[in-house]
Amino acid sequence: MSNRNSFIGLDKFVWWVGIVEDRADPLYSGRCKVRIFGWHSQNTSQLPTADLPWAQPMYPINRGTNTFGTPQPDDWIVGFFMDGESGQMPIMMGVLPGIKQ
């Protein structure tokens with residue numbers, strides 16, 4: 001019998017909103033450094049952008065043209081943690097449109 005304690009979907013789904021601080025992904029896979037509101041310190045001296053985990057993009061399964069845009073700095077992102085409350089494997093699901101201030 002399998003261990004279902006770590007099965008995604010049966011554990012707590014931890015979703016989040018954050019802001020893109022860096023999109024210079026050395027793997028060129030569309031990842032971004034996202035500072036997650038209420039999860040990461042807003043003080044960049046305490047938690048520099050370089051120390052944020054890379055957030056992996058989630059693309060639609062009908063990716064016919066394989067053309068996707070990486071979120072821009074200051075975009076607000078909605079996502080979830082693939083590793084639940086550990087919070088080290090962020091996945092980006094979408095961008096919240098808005099007006100830059």
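What you see is a predicted model; the values in this text were computed from it and never measured.
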Between CE on residue Met58 and CD1 on residue Ile91, distance to nearest 0.5 Å: 8.0 Å
Minimum-distance pair of heavy atoms, taken over all atoms of Arg35 and Ser41: NH1-O, 2.6 Å
Contacts under 3.5 angstrom, residues 47-55 side chains, donor-acceptor by atom type, not counting sequence neighbours:
| from | atom 1 | to | atom 2 | distance (Å) |
| --- | --- | --- | --- | --- |
| Thr49 | OG1 | Glu21 | OE1 | 2.4 |

Side chain proximity check, Asp75 to Ile19, heavy atoms < 4.5 angstrom: no
Asp22 side chain to Lys33 backbone, donor-acceptor under 3.5 Å: no
Between Ile77 and Val20, is there a side-chain heavy-atom distance shorter than 4.5 Å? yes
Do Cys32 and Met92 come close enough that some side-chain heavy atom pair is under 4.5 Å? yes
Asp25: what forms a salt bridge (charged side-chain N to carboxylate O under 4.0 Å, His left out) with it, not counting sequence neighbours? Arg31
What are the two closest heavy atoms between Gln88 and Phe81, and how far apart are they? N-CD2, 4.3 Å
Assess whether atom CD of Gln42 is packed by more than 12 heavy atoms of other residues, nucleotides or ligands within 6.0 Å. yes
Going by heavy atoms in the side chains, are Phe80 and Phe13 under 4.5 Å from each other? yes
Heavy-atom side-chain proximity of Trp76 to Val17 below 4.5 angstrom: yes
What's the shortest heavy-atom distance between Val95 and Pro97, and which atoms? O-CD, 3.4 Å
Shortest non-hydrogen contact from Pro90 to Ile36? CB-CD1, 4.4 Å
Assigning hydrophobic clusters by single linkage (Ile, Leu, Val, Met, Phe, Trp, Tyr; side-chain heavy-atom cutoff under 4.5 Å), is Trp39 placed with Phe37? no
Within the structure provided, determine whether Arg23 and Pro73 are in side-chain contact (heavy-atom separation under 4.5 Å). yes
